[in-house]
Structures are given as C-alpha cells and as structure tokens.
Protein chains: 2
Amino acid sequence: MAACSIKGRKRLRRGDYSIRANVANALGNPKRLMILDALSDGEMRAGEIVKLLNFEQPTVSRHLALLRRVGIVEQRREGKCVYYRLACSCVTGFFNCIEEVISTRLRRQQRMLSGKGGRA
Amino acid sequence: MAACSIKGRKRLRRGDYSIRANVANALGNPKRLMILDALSDGEMRAGEIVKLLNFEQPTVSRHLALLRRVGIVEQRREGKCVYYRLACSCVTGFFNCIEEVISTRLRRQQRMLSGKGGRA
DNA sequence: CAAATATATTCATATATACGAATATGTGCA
DNA sequence: TGCACATATTCGTATATATGAATATATTTG
C-alpha cells in the first residue's frame with residue numbers, strides 16, 4: 001500500500017526534449033555565457049569578442065558555431081568580418097532567470113544557516 | 001589596418017560565470033527538462049516522477065539531486081516520501097524562451113530554403 | 001530491532017565536451 | 001595570382017557527464 005497518494009494528472013509538453021536540451025545546453029558554459037553577455041549589448045565581430053574576452057580565437061569561433069547551430073545567435077558577413085548577434089531577445093531573460101535562481105538559492109541557504117544550524 | 005571598426009564599449013556582468021553556467025547546464029539535459037516540465041504542474045514525489053517518466057529510480061534521484069544542488073528545485077520530506085518542487089517560478093520562462101529560440105530558428109531555416117536555395 | 005517502502009549514493013564505464021595547436025577556408029586588394 | 005587579414009575546422013587529448021547495477025540510508029510500522 002502506497003503511503004503517499006499518487007495524483008493521476010500530469011501532461012507533458014510533447015515533442016523532442018533533446019532539441020530543447022541542446023538549446024539549454026548551449027547556455028551551460030561560462031565562456032558561452034560571457035560571449036552572449038557581450039552580444040547582449042549589440043552585434044559584434046568574432047575578432048572583437050576574442051579581444052574583449054581574451055580567449056583563443058578558435059575557442060571563440062567554436063563557441064559561436066555552437067550557439068549558431070542551436071539558433072541562439074545569427075551571423076552576418078561583411079567583407080572579411082563576420083558579425084554575430086543574438087537571434088532572439090529572450091536570451092536576456094535567461095540571464096535574469098539564472099540570477100533569480102541563484103539569489104533564491106542564497107536566500108534558502110541563509111535560512112538554513114540561521115534556522116537549522118543556528119540552534120541545535 | 002583593421003577593415004572593421006572596433007567599438008570601445010562593452011561592459012560585462014561581473015561575478016562568476018561558472019556559477020551561472022552550472023545553473024544553465026542543469027537545464028541542458030532532456031531527462032531533466034522532462035522532470036522540470038512535470039514539476040511545473042506542481043509538487044511531486046520522486047517515485048511519482050519515476051513512474052510518470054519511466055526512468056530508472058537512481059537516474060531520477062541523481063537528476064533531482066543535481067537540480068537541487070544548483071537551486072532549481074527544492075525538496076520537502078513527508079514521512080517516507082520526498083516531495084520536489086520548482087524553487088523558482090522563472091523556470092517556466094526558460095521553456096518559453098527555448099521554444100522561442102527553436103521557432104526563430106525554424107523561421108530562419110524556412111527563409112534560407114525559399115530564399116537562397118529556391119533559385120541559384 | 002526487523003521488515004518494508006522510498007530515496008540516495010557508489011562504482012565502473014561509455015559518451016560527450018572543451019581546449020590548444022596546427023591548419024584550412026574565405027575575402028579583399030595590390 | 002599572391003599576400004594579408006579574419007574566421008573556421010581538424011586532431012589528439014583531458015575532463016566532465018550520464019547510466020545501469022548494486023548497495024546504502026532513511027522512515028514507518030509491527
């Protein structure tokens with residue numbers, strides 16, 4: 001006999017979660033986040049990003065390729081230079097959400113410390 | 001002589017991008033996305049998720065532990081059962097953003113096909 | 001305490017990712 | 001065409017992640 005009740009509902013979004021995960025996964029790397037953060041100010045050349053962040057040129061190129069592959073950034077060639085930009089304004093929202101998760105976590109940890117840990 | 005101008009601006013968010021990446025990274029896995037999608041309907045027991053998604057019990061447990069570690073979900077024990085819930089409402093926004101990225105990408109691909117590919 | 005249920009952790013391994021170094025491709029210009 | 005600048009790709013390898021199987025821990029109840 002189950003001690004805890006099971007609610008019969010739950011509908012899941014349909015479709016391929018792998019595709020969604022690929023998009024999210026592209027955001028799960030510190031260097032890519034820095035690149036996106038830079039791009040959130042506007043279009044930049046690949047080389048500009050290399051200089052700004054002081055990463056290896058191939059590193060930046062590969063990260064940009066990955067971000068482009070999943071559709072987070074778009075590119076535009078102008079002569080010898082390739083300009084990158086965010087493909088979707090919602091990326092900024094990602095950052096805000098992450099900040100929110102982190103601050104929520106901090107708050108919870110504070111609670112832990114003063115609550116559980118404080119006395120005993 | 002650089003052919004493309006360099007704009008001198010660009011301010012980056014400060015702080016540790018690795019922490020942010022850890023949070024985002026937690027969302028970059030199809031099974032975890034399915035778990036979060038399930039939890040977006042409300043609190044669930046670990047075992048309920050196992051049954052709903054038909055994953056191995058240790059797999060679910062580990063994914064939940066990871067999600068909890070980065071602060072995306074919280075847990076609550078009630079007797080033998082452990083209930084999990086989203087720690088932060090913004091997680092739903094993540095999904096919407098991902099959908100937006102994917103649909104933007106689709107739109108762009110359509111454009112490619114009818115534009116570049118159509119004639120040539 | 002023993003047994004049963006619910007969840008968590010460990011271990012070995014398979015797979016995916018990230019990176020530097022080297023090299024290739026693409027573009028404009030003399 | 002040949003050179004210079006800008007970006008992309010390949011290769012070998014180091015590191016991280018995911019997983020099933022087995023095992024451990026926690027909680028309730030008899």
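Every heavy atom of this structure was used, including side-chain atoms; hydrogens, water molecules and symmetry mates were not. Letters go in sequence order (proteins before strands), and every chain restarts at 1. Just so we're clear, the structure is a prediction, and the values are computed from it rather than from any experiment.
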Quiz prompt | side-chain hydrogen bond (donor to acceptor under 3.5 Å, both in side chains) between A/Tyr17 and B/Asp37, worked out | solution = CA-CA 10 Å; A/Tyr17 279 80; B/Asp37 203 354; 2.4 Å; yes
Practice problem: Please report the shortest heavy-atom distance between A/Val101 and B/Cys88, naming the atom on each side. | Solution: CG2-SG, 4.0 Å
Exercise. Indicate, with a heavy-atom threshold strictly under 4.0 Å, whether A/Asn25 touches base, sugar-phosphate, or nothing.
Key: sugar-phosphate
Practice problem: Pick base, sugar-phosphate or nothing for B/Arg68, based on heavy-atom distances below 4.0 Å to the nucleic acid. | Solution: nothing
Quiz prompt | Minimum-distance nucleotide (side-chain atoms of A/Asn29 versus C/dT7, C/dA21, C/dA18) | solution = C/dA18
Practice problem: Specify the separation, in whole Å, of atom CZ of B/Arg32 and atom P of D/dA16. | Solution: 16 Å
Self-check item: Residue mapping more 5' on DNA chain D - nearest nucleotide basis, A/Arg77 or A/Arg62
Solution: A/Arg77
Quiz item: Rounded to the Å, how far apart are A/Gln57 CD and C/dT23 P?
Solution: 15 Å
Quiz prompt | Shortest side-chain distance from A/Lys80, nucleotide among C/dT5, C/dA18, C/dT27 | solution = C/dT27
Practice problem: Classify the nucleic acid contact of A/Phe55 as base, sugar-phosphate or nothing, counting any heavy atom under 4.0 Å across all strands shown. | Solution: nothing
Practice problem: Give the nucleotide from the list C/dA6, D/dA8, D/dG20 with an atom nearest to the side chain of B/Cys81. | Solution: C/dA6
Exercise. Tell me which nucleotide among C/dT7, C/dC19, D/dA8 gets nearest to the side chain of B/Ser61.
Key: C/dT7
Quiz item: To the nearest angstrom, how far is B/Gln75 atom CD from C/dA6 atom C1'?
Solution: 13 Å
Quiz prompt | Sequence-distant partners of B/Phe94, ring-ring contact (aromatic ring centres under 6.0 Å, His included), two or more places apart | solution = A/Phe94
Quiz item: Looking at A/Arg68 and A/Glu74, does any basic side-chain N land under 4.0 Å from a carboxylate oxygen?
Solution: no
